[in-house]
Structures are given as C-alpha cells and as structure tokens.
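These numbers come from a predicted model, not from an experiment. Atoms considered below: every heavy atom in the structure, side chains included; atoms not considered: hydrogens, waters and symmetry mates. All residue numbers in this chain count up from 1 along the given sequence.
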Amino acid sequence: MMQFLFLSFKDQISFKVLNLDKMFSSFQHVFSTLGLVNMAASMAVTCRSSALRLNLLKKGINSRCFATTSSSNNVSDVKQAGETEAEYPPVLDTSFKATKDRETQQWHKLIQSLPTVQEKQLELNMSRYYGHWACQLSPHDVHYNHAEFIQFATRTNVVEAWPNVYSTLDDEVNKFLPVLKKKVEDILLLELCHRPKVDRVESRQQKETSDNIIWAINHALVSLLSDQADHIADSQSDLSPRLEAFWWLSDVPADSRQRHVRSFRRHIPEEERNDPVSRPVQFVGQPALLVRGRLPLPTLAGEGDPVGHQPPPLEMDSREPRTRQCAYKFRHGTNIPGVWPEDGRQFGLVNWLTREHLVRHATKYGQHAAADRPDALRAQACLSGFASCLSQACGVGFSPLTELTYPLTTQTVITDGRTWTFSAFQLNTTGALLTPAEHGAPGNTCWVLPEMKLYQSVTEKGVEGLNEEVLKRLLQLYLLPTGDRDGIDLRPYLDPERSLADAVEDDWLRNKYLQTYFHIMSCRPRSRLKDEVYMWEKIYKVQFQTRPMEARKRFFELNKYPDMRRLDDFYPGYIPRALRQNFVPARFKAASKHEKNVFHEMGRLRGHRNTDPKFLQELQELESWRDEKDK
C-alpha cells in the first residue's frame with residue numbers, strides 16, 4: 001500500500017489498468033462457467049472500455065471524447081434546430097455562514113416588498129414575541145467620552161462648520177431680523193423677569209424655563225414667516241412628541257455567552273467563533289418641540305462644502321455598548337417620527353432639544369465635565385439627528401434594512417434659553433450600519449457649530465448684549481425651503497394605491513391587525529410576562545444537577561426558550577372539559593387560531609401562503625366560524 005502511494009500518477013493508472021484486466025478476466029471466467037454468456041460478454045465490453053479510458057487518461061486525453069459519430073451528429077442536429085444549451089443553476093456555498101447570509105438577504109427583500117408601513121414594522125418584530133434584547137440610547141443620557149461611540153453607532157462624519165446652502169438666505173434673513181429681535185426681547189423679559197419661580201431641582205427648573213422659551217420663540221417665528229414661506233404656513237408643531245428609532249449595529253464583539261454557545265456548534269469553524277455580531281439598538285427620545293412638513297428638506301452637502309472625516313475605528317473592546325454604560329433590556333423595535341404613518345406631514349424640519357442633562361453631567365463627572373461638554377453636545381446632536389432621519393425614512397417606506405434612494409435631512413437646536421448649539425444632519429445611507437466599520441463605506445454627515453450666547457444679562461430695564469448671530473441662524477433654519485426631489489419617488493417601496501384599509505377588507509381582521517400594531521408600538525408589557533429562571537433553579541437545576549428525580553416541567557428543562565418565541569406563535573385557548581369529552585366543535589378550533597390567522601391572512605394577501613394546505617384549511621375553519629357567529 002505504501003509503495004502504491006509513492007508511485008507517480010501515470011504509474012498508478014498503469015497499475016489500475018493491470019488490476020482491472022485481471023479482475024474482469026476472473027469475473028468473465030466465472031460467468032462463462034455458470035452458463036451466463038450474455039453477462040460474460042457485457043463484462044468483456046466493460047473491461048475493454050474501462051481499460052481504454054484509463055489508457056487515454058494516462059496519455060492526457062479527456063475521457064469525454066468517447067462520444068460516437070452518431071451521437072455527435074445528433075448533437076449537431078439539435079444545435080441546428082435552434083435549441084439552446086442547458087442552463088444550470090449557480091453553485092451555492094453550503095457552509096453555515098453563507099446559508100445564514102442568504103436567508104438574511106431574503107428577509108431584507110421581504111421587508112422591502114411589503115406595501116404598507118405597518119406591515120414593515122411588524123415584520124421587524126416578527127421574530128421576537130417579547131421584544132429584542134436591545135441596547136438603549138437616549139439624547140438626555142450622554143456619558144463621558146461618548147461622542148466617538150455615537151459616531152461609530154450611527155456611522156457619522158462630524159463637520160464643525162455650516163453648509164454653504166444657508167448662505168443663499170442672507171437677504172431674507174436680514175429682512176425679518178429686526179422684527180424677530182423685538183419679539184425675542186419681549187419673550188426673555190417675560191420668562192426670566194416677570195414669571196414667578198418655583199423652588200425645584202436645578203435641572204427640572206432649567207427644563208421648565210427652556211420649554212417655555214422654546215415654545216414662545218417657535219410661535220414667534222411661525223407667525224412671522226407664515227406669509228412669506230409656504231412650507232412654514234403648512235407645517236405643524238408638536239410639543240414633546242415621541243421620537244424613537246430602531247436599527248441593527250454591526251461589527252460589535254461577541255460576548256462570553258455567545259462564544260460559549262458557538263463552542264458547542266460543530267458547524268461553526270473554530271476561527272469564526274470570535275467573529276463580531278450585530279446588536280439591536282433602540283433610541284428613545286422626546287424633544288421639547290418638533291416642526292414637521294409635507295415635503296423633505298433639500299440636500300445640504302454640495303460642492304465646496306467641507307467634508308468631515310470619521311474618526312479611526314474604535315478598538316473591538318470599545319465597541320461594546322456595555323463599556324459605555326449603555327443598558328440592555330427586552331423591548332420591541334419602534335420607529336416613530338413623532339406621528340403615525342397615516343399623517344401627511346412625515347418629514348421633520350426642526351428639532352428643539354434642551355440641555356438640562358448637562359447639569360447631571362457636571363454633577364457626575366466633576367472637574368472633567370467642562371472639558372467633555374463640547375463632546376457631549378456633539379454626541380447629543382449627532383444621535384438626535386440620526387434618529388430623526390431614520391424614523392422619517394421608516395415613515396415613508398424605508399427601514400433599517402433597506403437602503404435609501406435619496407438622502408434625508410433634519411435640523412437640530414439645543415438650548416437652555418441662553419446658550420445655543422445649532423446642527424444639521426443628513427442621512428445618506430443605512431447600509432453602512434450593516435457593514436463592518438473597516439470597510440470604509442460612505443457614511444452620514446452632521447454639521448455642528450460651537451456654542452453661542454444669546455444674551456449677556458436680562459434685567460427689568462431690558463436685555464443686554466443680545467446676539468443677532470443666534471437669531472440669524474434661527475431664521476436660516478426656518479427659511480430653508482422644502483420641495484420634491486427631481487425625478488425621485490419619495491415613497492418608492494410603498495404602494496400608492498393601497499393602504500392598510502384597502503389591503504384588508506374584513507373589518508374584524510383589519511382592526512385586530514391594527515390593534516396588534518399599536519400594542520407593539522406602545523411597548524406595553526404582555527399580560528403574561530416572559531418566563532425566567534429563578535436563582536434557586538439556576539443553582540440547583542442548571543449549574544448543579546441536585547434534583548434528578550423531580551418532574552421536568554419548567555421551560556428550560558423542556559428545551560423551550562421564551563426568548564425565541566415568534567410574534568405569530570399563538571397558544572390555543574383553554575377549552576372546558578365538558579366540551580372536549582366527545583369532540584371539539586369547529587368554532588372553538590377556529591377561535592383558538594384567530595390571532596395567528598391575522599398574520600397568516602396578511603401573508604396570503606402578500607402572496608406567500610396561497611399554496612399552504614394547512615393554512616387554507618385554517619382559513620376555511622375561520623370562515624365557517626364567522627358565518628356561525630353572524631347567525
């Protein structure tokens with residue numbers, strides 16, 4: 001055997017030909033002795049054919065040349081007949097990682113193909129009944145040295161300058177500046193000198209004063225510019241709206257639990273067990289005021305504008321949100337731009353934020369807080385602008401897993417009444433969130449200006465040292481016109497002729513589906529809370545098997561994990577014993593599947609469940625149950 005391994009390739013073929021000749025000759029002798037002449041003849045042909053093939057292979061001739069003249073003529077006849085050659089499907093990579101990537105891409109295409117916003121948002125949460133284990137971010141909970149992580153989490157380039165597009169509004173700004181200056185002086189005198197103060201915590205008192213000044217200045221700007229700017233006259237201002245955004249952040253290191261689970265999976269190679277993962281991220285904010293309109297703002301980045309650069313990629317350990325004091329909890333993914341999808345004014349114009357969190361920031365970090373305050377404001381502006389644009393994108397048919405077809409823009413003002421910070425954000429892509437940071441994919445852009453003081457002091461005599469530069473920036477934000485994008489559909493992934501009411505004609509089914517959607521968006525807890533492993537069970541049943549004779553009834557003993565329960569999984573309702581002695585009426589079977597049929601019928605309307613016999617049987621039971629109910 002060892003000698004055969006050291007033979008050359010041609011010598012091995014010669015050795016095989018010799019052995020084949022001997023083997024087939026012996027078989028031919030046996031068949032002839034037994035009287036099987038036909039079998040012996042076929043064996044002789046096989047022997048000669050195999051030997052000939054190996055000899056030709058030894059000489060370097062391809063074995064595919066064994067086509068006879070008649071077969072070659074037949075092939076030429078087929079080609080002359082005009083028939084095309086056979087097309088074979090592509091050869092796919094069957095590894096575990098490649099298979100999961102294909103399934104993920106199919107899921108992304110499914111979300112993109114859904115025709116309504118409600119269906120897209122429910123599909124994002126379909127895989128988790130109790131919500132995603134998501135990192136929680138807030139604009140009013142900015143930690144020390146948090147700006148670099150926020151830029152990494154939003155894939156944003158920060159530019160400490162102002163876009164050139166605002167310079168075209170100087171003539172209109174100078175026209176309205178004197179009138180606005182008089183109104184702002186009256187507002188400051190009223191809020192800071194004549195309104196009675198209440199003894200409260202410093203941050204809460206600052207929050208109340210900031211809100212009053214923001215609301216009054218916004219009212220003055222809207223009343224002043226409504227006659228000249230149509231987009232301001234048609235806008236709507238919301239006080240303390242819900243601003244929430246949900247996305248997946250890639251290139252985050254795997255924790256110890258994930259690495260431990262991967263070590264027991266044989267289909268994962270050892271070199272891939274420490275690969276980074278994607279983490280769900282949930283932003284929850286509540287701006288003091290939000291101005292929104294029917295059309296989006298124009299693109300801010302133009303020729304000649306300074307282009308910011310993204311900081312060097314963070315070290316792998318620094319990308320974990322827990323190292324930045326960010327908490328995790330189970331929560332459904334919500335994308336809410338301050339309004340429901342049915343509203344016509346989906347595009348945000350100006351976000352007003354307060355600065356009372358800097359009071360807690362100074363108390364927490366002491367002497368280091370003053371040096372970190374510019375980074376804290378930059379992180380707040382970047383995070384709020386990204387969340388506002390992403391929620392707007394989801395409101396017009398995009399999603400965190402669907403790439404944008406045009407950039408979205410918003411403007412942000414951060415103030416406590418005296419100190420002001422202006423910023424503008426442009427969302428260029430959502431695909432960069434799903435790619436590693438080292439790939440250098442084009443990211444988003446945030447323009448931030450340094451802090452500016454509105455006034456020096458306010459007394460009974462008047463306002464001293466009023467800064468007109470702040471008022472000019474405010475006028476620029478409100479005068480920037482909105483409009484359609486030339487040749488671009490603003491809602492390319494939504495069906496313009498189909499709303500949720502048109503998609504579901506049945507009133508009960510539509511109301512049930514909307515009830516589920518609003519319950520997911522409200523993030524209220526389930527009536528039956530998620531099962532958990534108690535501490536004594538973790539000690540005596542999981543870590544140490546000290547109760548082997550006890551009946552296995554708990555979910556972790558039956559290999560059922562509530563974290564993996566899907567949203568369309570529905571447990572049948574309880575049927576009394578008196579009704580299940582002989583049989584169970586069909587109406588109880590259908591009623592127990594009602595909630596699940598809500599998602600199934602929506603899938604049938606999308607064309608994914610038309611051929612499922614089990615699903616069609618459930619629909620038939622549901623129709624019979626409805627007919628009996630109507631009687």
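- At distances below 3.5 Å, not a single donor-acceptor pair connects side-chain atoms of D375 with backbone N or O atoms of N145.
- Between L567 and I520, some side-chain heavy-atom pair lies under the 4.5 Å cut-off.
- Electrostatic pairing of D101 and K97 does not count as a salt bridge here, judged by no charged N lying under 4.0 Å from a carboxylate O.
- For C446 against T156, the heavy-atom pair with the smallest separation is CB-CG2, 3.7 Å.
- In this structure a side-chain-to-backbone donor-acceptor pair under 3.5 Å is missing from Q151 to H146.
- Using a 4.0 Å cut-off between charged side-chain N and carboxylate O, D343 and R292 make a salt bridge.
- Scored by the ring pair (Phe, Tyr, Trp, His ring centres under 6.0 Å) test, F555 finds no partners at all (sequence neighbours excluded).
- For residues 252-274, the salt bridge (Lys or Arg N to Asp or Glu O under 4.0 Å) pairs, not counting sequence neighbours, are D255-R279.
- A cation-pi arrangement is absent between R565 and Y561 under the rule of less than 6.0 angstrom and at most 45 degrees off the ring axis.
- Across all non-hydrogen atoms, the minimal contact from T154 to C382 is OG1-SG, 3.6 Å.
- Annotation: side chain of T104 is not in contact with side chain of L401 (no heavy-atom distance under 4.5 Å).
- Within the 4.5 Å cutoff, side-chain heavy atoms of L353 are placed close to those of P287.
- Under a 3.5 Å cut-off, the side chain of R128 and the backbone N or O of F330 do not form any donor-acceptor pair.
- Summarising the geometry, atom CZ belonging to F246 is positioned 10.5 Å from atom CG belonging to L390; distances are rounded to the nearest 0.5 Å.
- Ring geometry, F386 versus F425: the interplanar angle exceeds 60°, so the pair is classed perpendicular (tilted spans 30 to 60°).
- In terms of modelled atom types and a separation under 3.5 Å, the side chain of N428 and the main chain of G443 share a donor-acceptor contact.
- Looking only at side-chain heavy atoms (C-beta outward), F347 and P337 stay at 4.5 Å or farther from each other.
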Quick one: do E123 and K120 satisfy salt bridge (Lys or Arg N to Asp or Glu O under 4.0 Å)? Show the steps, please.
CA-CA 5 Å; E123 185 63 32; K120 293 176 185 289; over 6 Å; no
For a side chain to side chain contact (heavy atoms under 4.5 Å, CB included) check, start with the C-alpha distance between R331 and V284, then their side-chain angles and the critical distance, and finish with the verdict.
CA-CA 11 Å; R331 193 181 189 279; V284 179; 3.9 Å; yes
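- Q282 places no side-chain N or O within 3.5 Å of a backbone atom of Q136 that could act as its donor or acceptor partner.
- Listed for the T402 side chain is no donor-acceptor partner under 3.5 Å among the backbone atoms of F398.
- In this structure, the side chain to side chain donor-acceptor pair (under 3.5 Å) partners of S388, at least two apart in sequence or on a different chain, are N351, Q392.
- Between L490 and L295, some side-chain heavy-atom pair lies under the 4.5 Å cut-off.
- Not a single donor-acceptor pair under 3.5 Å links the side chain of N274 to the backbone N or O of A254.
- Here I414 contributes atom CD1 and S384 contributes atom OG; the two are 6.5 Å apart, rounded to the nearest 0.5 Å.
- Shown here are the ring pair (Phe, Tyr, Trp, His ring centres under 6.0 Å) partners of H361, two or more places apart in sequence or in another chain: Y365.
- Interatomic distance, C135 SG to R322 CZ, rounded to the nearest 0.5 Å: 9.0 Å.
- No side-chain heavy atom of I150 sits under 4.5 Å from any side-chain heavy atom of R378.
- Cation-pi geometry between R526 and Y130 is not satisfied (NZ or CZ under 6.0 Å from the ring centre, within 45° of the ring normal).
- Put simply, the side chain of T546 gets close to the backbone of Y540: a donor and an acceptor are under 3.5 Å apart.
- Checked by atom type and distance alone, the side chain of R485 pairs as donor or acceptor with a backbone atom of P407 at under 3.5 Å.
- For the ring pair (Phe, Tyr, Trp, His ring centres under 6.0 Å) test, no residue two or more places apart in sequence or in another chain qualifies with H108.
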Test side chain to side chain contact (heavy atoms under 4.5 Å, CB included) on V291 and S237 and set out the steps.
CA-CA 4 Å; V291 183; S237 301; 3.9 Å; yes
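- The minimum heavy-atom distance linking L494 with P115 is given by the pair CD2-O, 3.4 Å.
- With sequence neighbours left out, the salt bridge (charged side-chain N to carboxylate O under 4.0 Å, His left out) criterion links E403 to no other residue.
- Under the salt bridge (charged side-chain N to carboxylate O under 4.0 Å, His left out) criterion, R102 pairs with no residue, sequence neighbours left out.
- Note: H132 and W248 have perpendicular aromatic rings, judged against thresholds of 30 and 60 degrees for the angle between ring planes.
- Remark: F556 engages no residue in a ring pair (Phe, Tyr, Trp, His ring centres under 6.0 Å) (not counting sequence neighbours).
- Nearest heavy atom pair, residue L243 against residue A387, reads CD1-O, 4.4 Å.
- Going from atom CG of L289 over to atom CG of D238 covers 7.5 Å, rounded to the nearest 0.5 Å.
- Looking only at side-chain heavy atoms (C-beta outward), V117 and C394 stay at 4.5 Å or farther from each other.
- Counting only residues at least two apart or in different chains, salt bridge (Lys or Arg N to Asp or Glu O under 4.0 Å) contacts with residues 547-559 comprise E537-R554, K541-E550, K541-E557, R547-E550.
- Shown here for V533 and V542, the closest heavy-atom pair between the two residues is CG1-CG2, 4.4 Å.
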Might you work through the side chain to side chain contact (heavy atoms under 4.5 Å, CB included) test for L377 and R355, ending with a clear yes or no?
CA-CA 9 Å; L377 290 172; R355 297 162 49 105; 3.5 Å; yes
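- The neighbour count for K109 NZ, taken as heavy atoms of other residues, nucleotides or ligands under 6.0 Å away, does not exceed 12.
- Side chains of E320 and T323: a donor-acceptor N/O pair is absent below 3.5 angstrom, by distance only.
- Interatomic distance, CH2 of W107 versus OG of S127, reported as 5.5 Å (0.5 Å rounding).
- No side-chain donor-acceptor contact under 3.5 Å links D141 to the backbone of L137.
- The OG1 atom of T354 sits 10.0 Å away from the CD atom of Q286 when rounded to the nearest 0.5 Å.
- A salt bridge is defined here as a Lys NZ or Arg NE, NH1 or NH2 lying under 4.0 Å from an Asp or Glu carboxylate O, and K530 with D563 meets this definition.
- Counting only heavy atoms from C-beta outward, the side chains of P400 and N335 approach each other to under 4.5 Å.
- Under the salt bridge (charged side-chain N to carboxylate O under 4.0 Å, His left out) criterion, R242 pairs with E244, not counting sequence neighbours.
- Considering only residues two or more places apart in sequence or on other chains, R491 meets the side chain to side chain donor-acceptor pair (under 3.5 Å) condition with none of them.
- Closest of all the heavy-atom pairs between T410 and G385 is CG2-O, 3.7 Å.
- Residues that satisfy the side chain to side chain donor-acceptor pair (under 3.5 Å) test with Q325, not counting sequence neighbours, are H143, K364.
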